[in-house]
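Lettering of chains follows the sequences in order, A, B, ..., and the numbering in each one begins at 1.
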Amino acid sequence: MKSLVIAARTGFSEIRAHKTRSILSFLAIAVGAVVFINAFSAICATYERLKKQKDVSGMARLKISQNNSRLFSSPDAEYTPPPAFTYEDVLLLKRKMPGLYMVSPEARDWHDVLEYNGRRVNTNLLGVAPDWIKRDFVYTLRGRFLNWHDMENKLRVCVLIKKAPLPPGNSFEKSMFKKWNYAAAFDTLVSHNDLLGKPVKIEGVNFTVIGILEELPASKRPEVMMGYSNSKDIQILAPVTTLTHFEFINARNSLDVSIDTGSEQTFEESLKLIKNFLKIRFGDEDSFIIENQMELIRERTEKSVKNSLMTISLGMLAFIAGGIGIMNVTLATVFARTKEIGVRRAIGANRGDIMLQFIVEAVLLGLIGGVLGSGIGYIWNGPVRVIFGMGGGAIEPWIPLVSVLIAAFTSFAFAIYPAWVAANLKPADALRAE
Amino acid sequence: MTISCRGLTKVYEGGKSGWPALRGISFDIGPGEFAAVTGPSGCGKSTLLNIIGLLDEPSGGGYFLHGRDVVKMSDLERSDARRDGIGFVFQAFHLLNRLTALDNVCLPMMYAGAPDKAIKSRAHELLHKVGLKGKEIKTPLELSGGERQRVAIARALANSPKIILADEPTGNLDSSSSREVMNMLLALNKEGITVVMVTHDRELAALAGRNIRMMDGVIES
């Protein structure tokens with residue numbers, strides 16, 4: 001205990017006495033801490049995103065769509081079109097598997113003209129069923145959404161989507177968006193007129209607007225943060241039955257069906273049953289592709305674990321570089337203070353005392369450097385990023401703490417050899433040193 | 001016997017067969033003796049003192065300190081024996097220049113793990129004893145050569161050793177300081193401390209109760 005006090009005292013006085021050397025050592029280890037904090041905050045951000053994705057889209061999600069390769073690959077006379085997943089199949093699936101939380105068929109129709117009050121704008125149309133509202137994306141709804149009554153009776157009702165203002169992006173993204181914003185006129189129409197309850201014409205067919213879905217700002221929509229949003233091109237939702245009836249959609253076309261089995265526990269079992277359903281209903285399951293969200297998230301998680309290890313190893317490399325710096329400085333210190341080592345041994349210090357002295361000194365360098373680097377890393381990942389508009393990195397309070405501990409530990413580890421050298425000097429030889 | 005050497009040899013590495021500094025030295029020093037080791041430069045005086053002080057190990061022969069076989073002691077045991085039983089006074093003082101006189105004197109007691117209060121009061125007492133009252137917070141660089149050597153003596157006495165080993169303690173001092181330091185060593189010897197002093201100075205050697213004259217690694221008389 002006493003030797004620790006001596007070591008700490010000597011350490012501080014040595015650090016004070018050799019300012020340049022100490023500052024360089026601090027920097028060596030601080031750089032490691034900065035890199036490490038950057039790496040860790042990047043990893044945290046990735047996991048945060050993955051977690052949100054899981055929370056929002058759910059693990060137990062899958063999507064059935066027609067296998068397009070079958071659709072186009074046999075242009076001969078004998079060609080019979082591959083089976084299509086129809087609205088009747090959706091109803092049948094729901095009847096067979098009532099436990100499914102969501103069975104949401106959809107079919108698109110592009111470039112429809114919407115007419116309101118003499119104004120005509122271009123829109124895209126999506127045929128859906130009531131389950132569509134159970135999906136991930138967050139809207140506020142005014143009016144009501146489509147219901148099964150609308151479906152059965154093929155009512156000409158529709159729900160409009162009012163877009164949120166553009167998320168901040170760079171000027172290139174903004175100009176590209178402007179250039180390709182097919183729905184600009186629609187957006188203007190919807191934002192300037194309250195169409196709820198109003199009659200509109202879509203490709204000449206009369207519809208009534210029964211609901212308006214207002215998008216939340218991009219910052220509050222996880223699907224935007226995660227870089228996907230499969231409704232971004234859609235302006236109008238209508239019953240898929242109505243759209244088929246009025247021939248917006250070809251009745252022979254296959255529907256895409258998104259399914260939520262309700263929970264992760266039942267996912268595998270449900271997947272098996274759905275595959276079975278496809279097999280019995282269509283003779284072979286290869287006519288359809290099943291996109292497995294669970295698998296996707298698992299793969300993404302695996303990938304980010306790999307990336308994290310890569311990033312962490314970079315951080316560790318930076319620490320090792322810093323540690324080598326500390327080792328170098330400590331070795332130089334040992335040789336510069338050989339005589340002092342001799343004196344201390346002569347007046348009673350044992351090998352352990354000497355070893356402790358150099359290790360404590362290095363750990364002090366590492367601790368101070370680690371605190372310094374954590375501070376820089378924190379500022380770099382927080383305020384500086386915000387000032388430069390890069391978005392703040394997610395810094396948990398334990399990250400700087402851990403990086404200070406690693407800095408101290410690295411210094412400790414790299415000081416062992418120089419300290420061992422110091423401890424093993426023969427007192428008589430050390431005393432003779434000049 | 002306090003110190004008992006039997007056929008001590010020391011060969012330094014270098015050259016084909018090494019360089020022999022000590023070539024079979026045997027002597028005894030009893031408790032309370034004052035022995036001066038004299039001889040020309042390079043005769044092995046300092047090597048002998050280092051071995052007696054457990055700072056170096058002999059290449060051969062036996063060395064018994066208070067009857068204990070030093071050759072069989074571990075490094076830790078040697079360190080402890082050195083810390084608790086031997087005080088060193090060097091020609092070049094070997095004080096730590098970054099520490100105050102007081103802290104230099106405290107150091108051996110700190111390594112011994114004594115309580116803080118006891119360390120401080122003993123250090124003050126020792127500095128007072130060597131006539132350096134009021135200079136406790138001066139660093140060695142602010143003191144004269146004689147004063148530095150007195151700090152070194154105070155430090156040597158810190159853990160109340162039974163032996164003081166002095167290697168040319170007056171070598172860097174003027175004659176009046178030399179006399180003071182010598183008187184101090186003689187006084188300590190009167191208190192019962194065994195003193196072994198290496199010196200060139202025949203006058204000083206004559207003040208010691210016993211003379212060990214060395215030549216080329218052996219004892220002449």
Side-chain angles (χ1 to χ4, degrees), chain A residues 1-22 332-361 364-365 419-434, chain B residues 10 12-13 21 46-58 74-100 103-116 119 139-140 152 155-159 161 165 167:
Chain A
M1 195 60 214
K2 266 274 156 27
S3 339
L4 200 65
V5 174
I6 299 176
R9 237 184 250 170
T10 313
F12 273 121
S13 93
E14 285 298 319
I15 287 172
R16 261 205 311 275
H18 303 280
K19 291 200 177 65
T20 313
R21 197 186 71 192
S22 304
T333 309
V334 168
F335 292 128
R337 284 159 57 190
T338 301
K339 183 166 226 152
E340 180 196 319
I341 294 166
V343 173
R344 285 180 188 270
R345 299 252 16 215
I347 62 174
N350 56 40
R351 279 184 182 159
D353 295 328
I354 298 296
M355 197 145 172
L356 191 69
Q357 182 183 324
F358 286 96
I359 286 178
V360 165
E361 210 170 305
L364 282 176
L365 287 175
W420 182 84
V421 169
N424 281 285
L425 289 170
K426 273 198 190 139
D429 295 343
L431 272 173
R432 262 197 299 274
E434 280 311 317
Chain B
K10 177 72 187 176
Y12 285 114
E13 281 171 31
S46 292
T47 302
L48 179 63
L49 202 73
N50 282 340
I51 290 173
I52 294 174
L54 309 177
L55 293 173
D56 210 346
E57 290 167 61
S74 70
D75 188 80
L76 188 64
E77 286 172 317
R78 273 204 295 275
S79 295
D80 287 350
R82 192 162 58 226
R83 182 188 67 204
D84 300 330
I86 301 173
F88 287 94
V89 180
F90 298 100
Q91 175 177 6
F93 322 126
H94 287 346
L95 297 170
L96 299 185
N97 289 335
R98 254 192 269 296
L99 302 183
T100 62
D103 286 340
N104 265 293
V105 179
C106 287
L107 215 47
M109 295 183 272
M110 291 185 79
Y111 280 122
D116 272 343
I119 291 176
T139 63
R155 181 180 68 182
L157 293 172
N159 287 327
L165 301 178
D167 191 356

> Under a 4.5 Å heavy-atom cutoff, which of N350(A), I347(A), D353(A) has the most pairs with chain B?
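When all of N350(A), I347(A), D353(A) are compared, I347(A) has the most.
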> Mind checking whether H94(B) and F90(B) have parallel, tilted or perpendicular rings, split at 30° and 60°?
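It falls in the tilted class, 30° to 60°.
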> Which atoms of L49(B) come close to chain A, meaning under 4.5 Å heavy atom to heavy atom: side chain ones, backbone ones, both, or neither?
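No part of L49(B) comes within 4.5 Å of chain A.
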> State whether E57(B) and K426(A) are salt-bridged, where the test is any N-O pair (Lys NZ or Arg NE/NH1/NH2 against Asp/Glu carboxylate O) under 4.0 Å.
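Here E57(B) does not pair with K426(A) in a salt bridge, since their nearest N and O are not under 4.0 Å apart.
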> Please classify the contact between R337(A) and chain B as side chain, backbone, both or neither, with a heavy-atom cut-off of under 4.5 Å.
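Contact with chain B involves no heavy atom of R337(A) at all.
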> Tell me, please, which residues at least two apart from Q357(A) pass side chain to side chain donor-acceptor pair (under 3.5 Å).
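Side chain to side chain donor-acceptor pair (under 3.5 Å) check on Q357(A) returns E340(A), R344(A).
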> Relative to chain A, which segment of Y12(B) carries a heavy atom at a distance below 4.5 Å: side chain, backbone, both, or neither?
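Interface part for Y12(B): side chain.
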> R9(A), E14(A), R351(A): which one forms the most heavy-atom pairs within less than 4.5 Å of chain B?
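If we count pairs closer than 4.5 Å to chain B, R351(A) comes out on top.
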> Among the options L107(B), L165(B), L76(B), pick out the one with the most heavy-atom pairs lying under 4.5 Å from chain A.
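Looking at each of L107(B), L165(B), L76(B) in turn, L107(B) comes out on top.
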> Measuring heavy-atom distances to chain A, does R155(B) have an atom under 4.5 Å in its side chain, in its backbone, in both, or in neither?
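Side chain only.
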> Would you mind checking if R345(A) and D75(B) are paired as a salt bridge, meaning a charged N to carboxylate O distance below 4.0 Å?
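A salt bridge is present here (some side-chain N lies under 4.0 Å from a carboxylate O).
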> So which part of D84(B) gets closer than 4.5 Å to some heavy atom of chain A, the side chain, the backbone, both or neither?
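For D84(B), no heavy atom lies under 4.5 Å from chain A.
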> Which heavy atom of F358(A) sits nearest a heavy atom of A419(A), and at what distance?
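The answer is CB-CB, 4.0 Å.
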> Answer with side chain, backbone, both or neither: which region of A114(B) has an atom nearer than 4.5 Å to a non-hydrogen atom of chain A?
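The backbone, not the side chain.
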> Determine, stepwise, if the pair R21(A) / T333(A) fulfils side chain to side chain contact (heavy atoms under 4.5 Å, CB included).
CA-CA 10 Å; R21(A) 197 186 71 192; T333(A) 309; 3.4 Å; yes
> Excluding sequence neighbours, so at least two apart, what forms side chain to side chain donor-acceptor pair (under 3.5 Å) with S46(B)?
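D167(B).
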